[in-house]
Amino acid sequence: MADEAQPEKPSNLEECLSDPKGNWQDEAVRDTYRHSAAHIMAAAVKRLYPHAKLGIGPAIEDRFYYDFDIPGGFGPEDLDHIEAEMRKIVREDHPFVRQEVTREQALEMFERAGENYKVELIHDLPGDVPITLYHSGDFVDLCAGPHICSTGQVKSFKLLSLAGAYWRGSEKNPMLQRIYGTAFPEPEWLDEYLCRVEEAKKRDHRVLGPQLDLFSLHDEGRGFPFWHHKGLILWQLLEDYWREVHRKHGYQLVRTPIMLTEELWHRSGHWDHYRENMYFSVIDDVPHALKPMNCPGGMLLYKMNLHSYREFPLKVAEMGIVHRHELSGTLHGLLRVRSFTQDDAHIYMMPEQLKDEIMGVIDLDDEMYRAFGLDYHVELSTRPENSMGTDEQWERATAALEAALREKGMDYKVNPGDGAFYGPKIDFHLRDSLGRTWQCGTIQADFQMPERFELTYIGPDGAEHRPVMIHRVVYGAMERFIGLLIEEYAGAFPLWIAPVQVKVIPIADRHLDGARAIASQLETAGLRPELDPRNEKVGFKIRSAEMEKVPYMVVVGDREIASGQLSVRQRGRGDLGKMAMEDFVARLKDDVATKAR
RNA sequence: GCCGGCGUAGCUCAGUGGUAGAGCAGCCGAUUCGUAAUCGGCAGGUCGAGAGUUCAAAUCUCUCCGCCGGCUCCA
């Protein structure tokens with residue numbers, strides 16, 4: 001695999017990794033340790049199932065895995081056997097022994113063993129890399145290393161899950177059985193890790209969403225979420241904020257139809273490049289398609305008028321509902337759906353304005369993610385196989401994106417071949433509760449659509465020119481962004497986007513009218529209160545408001561009705577004591593204005 | 001789509017061939033209470049769907065549907 005980077009040698013490693021525990025803060029040390037655990041797992045599998053063939057076994061983040069080709073596959077009970085065998089290998093405490101061999105020796109050895117996947121890997125190794133084997137007892141693996149010093153150093157580990165994975169990530173290849181596990185030098189660290197994963201699962205938006213009455217998913221519409229009252233309030237608040245920011249940044253707002261004739265999609269190139277993901281329908285004998293992207297509709301709007309360079313950059317935004325038929329196995333709650341609302345925008349400009357405009361969008365993204373306290377990382381995706389346009393156009397577009405990133409001083413990762421079919425892109429990725437990353441914002445530089453749709457503008461020279469355009473989203477999709485926000489906050493939204501901001505809790509039935517009056521005053525003041533009129537004890541209603549993750553609770557009893565003051569409790573903090581209505585409202589308004597978490 | 005797992009009440013789950021269960025939520029009643037669960041009662045199920053094996057299937061077999069994890073990181 002010529003394009004695959006060799007793992008870096010841990011900074012403290014000479015011959016082998018002797019003190020993983022003492023250097024655990026070093027990511028390369030953790031990877032080496034888990035990589036060795038993967039090696040031990042492979043050794044255990046070969047002992048128990050000698051006919052299993054080896055794939056590869058790297059460490060990734062907190063885990064390791066190894067892929068095997070085993071007829072009939074593994075079952076969960078096999079994991080127990082493998083774990084037991086691994087313990088044995090750990091107890092036997094075999095040293096890891098490195099051996100450098102020639103390509104011929106390696107090939108001969110793995111061919112004889114029938115390890116055809118290893119043979120394929122050896123064939124693809126670049127010529128200048130030494131080929132190394134690692135022995136532990138009677139097990140040998142092709143491996144660049146490094147490893148820990150001996151199998152006995154792997155003190156605590158656990159096999160986590162079983163999965164299918166195509167050999168080398170391509171669905172054209174056979175599917176191997178992948179076993180995931182994790183390993184730590186201290187049993188307590190393993191327990192802590194497992195606890196953390198359990199805790200993270202409780203933040204899952206698919207559990208919290210229905211529980212907090214935000215949205216639901218139904219078999220009758222796979223990949224098409226249903227929005228409930230409170231979820232829609234959240235949605236609209238995000239949209240309000242989005243509109244406010246976009247007005248400030250000089251965007252116009254438009255809306256284009258969700259269904260357009262098939263002919264348009266031929267013209268745009270989507271028919272040739274995106275057909276498998278589109279929904280079609282014939283209406284009055286005319287073939288139509290639900291839009292998978294907003295751009296062609298946007299192009300039609302652009303072409304309504306002649307445009308001058310003086311209007312540029314022309315920024316046109318649209319909350320556009322798109323439909324994409326994603327593979328059923330890839331659907332995931334709100335994070336991957338088949339119909340979603342993109343906070344899209346198209347920016348038209350002269351080619352020489354491209355870099356500055358990209359930088360402007362980077363600033364916008366940063367501003368909006370910051371408002372939610374979200375961490376993100378950036379990736380640059382380059383030309384895919386199935387793409388339109390000339391090499392020169394792709395190079396110019398990619399260069400502009402890279403220049404903007406460099407000028408902004410941003411760290412980014414390159415994703416070769418992952419761009420859109422019409423242009424390269426910068427992607428903004430956010431993490432979910434389990435640490436998986438999801439693309440939200442994207443900035444795509446496009447020379448193709450203007451060409452396809454023959455867009456023009458009149459330049460300073462009075463002649464017609466071809467504009468370039470940026471396609472961009474910030475939230476990415478409202479659905480996905482809300483899903484990630486639910487996980488980020490574990491459902492406990494900051495005041496400014498909390499669907500219910502204040503729960504008004506009367507103590508006994510005779511306080512209902514007073515409580516209702518307080519709720520309506522809060523409502524008039526522009527807040528979002530909700531009355532809990534149930535005939536229950538205060539403790540019960542407090543508990544239920546806390547579980548609904550409402551930021552503030554106001555308890556109304558005889559004392560409040562007599563004094564006219566409010567008894568305020570804050571979510572997670574407890575009783576704040578008494579305050580006047582005006583002070584409470586001012587405090588909340590202030591919180592909302594600063595978008596404090 | 002593919003690989004593996006799972007599918008019992010609204011939710012969390014127990015029930016491995018012999019009369020479908022619990023807690024929470026819901027409803028009804030009592031209670032009118034001061035900052036994270038008041039008490040009692042009632043109701044709730046084609047055991048995901050269909051077919052098969054059997055005297056008998058939630059339980060065994062097959063097909064389908066849905067959900068969960070993975071299929072990006074790489075010797």
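Labels below follow one simple rule: chain letters A, B, ... track the order of the sequence lines, proteins then strands, and each chain is numbered from 1. Here the structure is a predicted model, which is why all the values come from computation and not from measurement.
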Taking only residues two or more places apart in sequence, or in another chain, which ones meet A:I426 in a side chain to side chain contact (heavy atoms under 4.5 Å, CB included)? A:I358, A:I362, A:V378, A:L380, A:L401, A:L405, A:F428, A:I443

Over all strands shown, is [X] touching base, sugar-phosphate only, or nothing at heavy-atom distances under 4.0 angstrom?
X: A:V538; result: sugar-phosphate
X: A:P130; result: base
X: A:R178; result: sugar-phosphate
X: A:H332; result: sugar-phosphate
X: A:T132; result: base
X: A:D575; result: base
X: A:K541; result: nothing

What is the base-pairing partner of [N], counting Watson-Crick and G-U wobble geometry with both distances under 3.5 Å?
N: B:C13; result: B:G21
N: B:C27; result: B:G41
N: B:C67; result: B:G5
N: B:G52; result: B:C60
N: B:G34; result: none
N: B:U72; result: none

Between [N] ([atom2]) and [X] ([atom1]): distance, integer Å:
X: A:I60; N: B:G69; atom1: CD1; atom2: C1'; result: 12 Å
X: A:F64; N: B:A75; atom1: CZ; atom2: P; result: 16 Å
X: A:R63; N: B:G70; atom1: CZ; atom2: C1'; result: 9 Å
X: A:D532; N: B:U35; atom1: CG; atom2: P; result: 16 Å
X: A:E536; N: B:G40; atom1: CD; atom2: P; result: 14 Å

Step through it carefully: locate the ring centre of [X], locate the ring centre of [Y], and say whether they are under 6.0 Å apart.
X: A:F74; Y: A:Y49; result: yes
X: A:H218; Y: A:F226; result: yes
X: A:H94; Y: A:F139; result: no

Sequence neighbours excluded, which residues qualify as ring-ring contact (aromatic ring centres under 6.0 Å, His included) partners of A:Y193? A:F184

A:S567 side-chain proximity, nearest of B:G69, B:U35, B:A75: B:U35

So, under a plain 3.5 Å distance rule, would you say the side chain of A:R569 forms a donor-acceptor pair with the base of B:A36? yes

What N/O pairs connect the protein and nucleotides 2-7 of chain B at under 3.5 Å? Give each pair on its own line.
unit_1 : atom_1 : unit_2 : atom_2 : d
B:C2   : O4'    : A:Y166 : OH     : 3.4
B:C3   : O2'    : A:Q177 : OE1    : 3.4
B:C3   : O2'    : A:Q177 : NE2    : 3.1
B:C3   : O2     : A:G164 : N      : 2.9

Evaluate whether atom CD of A:E27 has more than 12 neighbouring non-hydrogen atoms of other residues, nucleotides or ligands under 6.0 angstrom away. no

Between A:L159 and A:F64, is there a side-chain heavy-atom distance shorter than 4.5 Å? yes

